[in-house]
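Take a look at the structure set out below.
Chain letters run A, B, ... following the sequence lines, proteins first, then strands; residues in each count from 1. Predicted, not measured: the structure shown is a model, and the values here were computed from it.
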Amino acid sequence: MTDPSLELRGVRKVVDEVKAAEPPPIRWAVLESELFAELEGQLPADPVRSPKRTHAALLWAFAAAAIVVLGLAGQSALKRAGNLAAPVESSSVNDRTWTKSHVKSTETRAGDHFVASHSDITIHDARLGTWTLFLGGEATLLKQAPLVLQLAQGELRAEITPGLQPDSFVVQAAQTRVAVKGTIFRVHRQPDRVHVDVERGTVSVSSLGAGRQAFELRAPASGDFALDASTGRVWEPNPTEWVNGARAKTAPMPAPALAARRVARANLARETLPTTLSLDQVGAGVDSLIRIASTCLSETVASNGQLSLTFVTQARLSVSAEGELSELELTPPLLPKASECLRQRTRSLNFGSSQKGAELFRRLEIEVSPREPAH
Amino acid sequence: MPLFSVVKEPHAPAQTELVAAGSATLQSVAEPPELAALIDYCRTGDKQAFRAIFIQHREHVARVVYRMLGPSADLEDLIQEVFVQVFRSLKDFKAESKFSTWLHRVTVNVVLMHRRHAKSRPVFDVLPLLDSADEQRPKADEEFARHERIAAFYRLLNRLTEKKRTVFILHEIEGLSPTEIASTVNAPALTVRTRLFYARRELALLLKEEPYLAHLTAQHLDSAKELL
């Protein structure tokens, strides 16, 4: 029998390597952001406000001063909104910031910030529905019932439970207020305007002001509005241009704008994808790959019908942003016929879309089951 | 003679400091004035001071977590958890050992706690997702081989029982003495030594089953035969 000490000394090199190994690159900025967001609820108030916080407070104060209103929905035709809601003050702003991707509404409270610094943030509310703040967006929860969000930048999408009271979900962006009921819609706060897409249901967009009237968008519809919602353009199957809340003239949606929106949506879709594949996606993809390889080997390896074989190989996989397997290298390789079979059959394999795709190294254990003897 | 002795590096801060932590006499350990001031500020809730501590010590914490955990997708989560625990426990830090020693111990405990909880969850025996731009490029052959050896080594370690794995890593990789490990895992020092003995023996047997490490064993056997 071999002296185990000799065998263990063989690992000595690896132990030394482990001790000297540097961890993989850490996303320190994201980690720091999440850490301090988590600690916000535990840390006592800062004795001195940081300049960043002061700036944020000024921003929210400015937002509070912004007056925008409206909230009507579910009606059949374009109409003016008579019940103008008062803007929600941002006096309840606190220091708590959410950055994680999924948040329960029961965990939140008025004044919470949402900063989608490294991924989308999805908030689920059992009563209201779900809203998602897309990557790069910043919002503040001004009020919980009815729910009022101040969108400071970026874009959010809301899917609201049908049958709610008017104004039960409100988004304020600059001096524009978007109020909904039983609707799926997006609001995009841009530097010079507010863009609204309505996928289902109806939303009303308005600036408060004295007696300012609302625009109402019925799905499918989109609208671009000035920051104070005093003017805007609404695209619907029967396009209508509005000025100060009054119907001005019909104007077909210009073709270049349509194309630009399609491009913008495609870009947006890409931006909202995860940076790279999730562990689940990788696991599912590799499992499929192993199944295909097993089938290919079973078909090409001669067997006496009784032996089960396990083929162990190291795989390097390149997965494109579209999720397709763009490169596959096995060391050691499969038999030529099995390799060709694998190449053909993995064409339809898809790991799922991501922004960057991924390059993966995996150890594959491919089991080859005995075939039934041909009759 | 031990089967597997790790050369103590006198300049390794963790080991040197842990000796201080293990001393019986508990005296206040003087920290550099800047660090002492930061710790005091942290205790009053100063976020900027805690941020400074985080930035100063995060690399060390990352290395300890990585060595204890091996390649894992949970690395960043655990580093974050360590600093959350540090913040919560800083008020209990009595300066009876150096801050870095105390931080090392908190880190070790967080990883052990994580693994205890993870035992009830499904385990994915896969390498972590390579998500940085650098990691997505093909590695050079030697780098790739080293990466594979380390991953294989942790696969072997994960086949040991949790108790044996813990003492092996704490002793062989983190350089803790059996007495120090005993206080960490709440077991007698003799028990720790016993677990260490069986961990080494099992590891020696498991080596042959790991293709990325078996050749290393073979190399050493060949060398031994040549010497004979």
Does E81(B) form a side-chain hydrogen bond (donor to acceptor under 3.5 Å, both in side chains) with Q85(B)? I'd like the steps, not just the answer. CA-CA 6 Å; E81(B) 180 60 23; Q85(B) 292 300 328; 2.7 Å; yes
Can you tell me which residue among H60(B), H57(B), H104(B) is in a ring-ring contact (aromatic ring centres under 6.0 Å, His included) with F99(B)? H57(B)
Lys/Arg N to Asp/Glu carboxylate O, E359(A) vs R316(A), below 4.0 Å: yes
Between E172(B) and R200(B), does any side-chain N to carboxylate O distance fall below 4.0 Å? yes
Interchain contact, F83(B) with chain A, by part (heavy-atom threshold 4.5 Å): both
Counting heavy-atom pairs closer than 4.5 Å to chain A, which one of R63(B), E59(B), R51(B) comes out on top? R51(B)
Part of I150(B) lying under 4.5 Å from any heavy atom of chain A: both
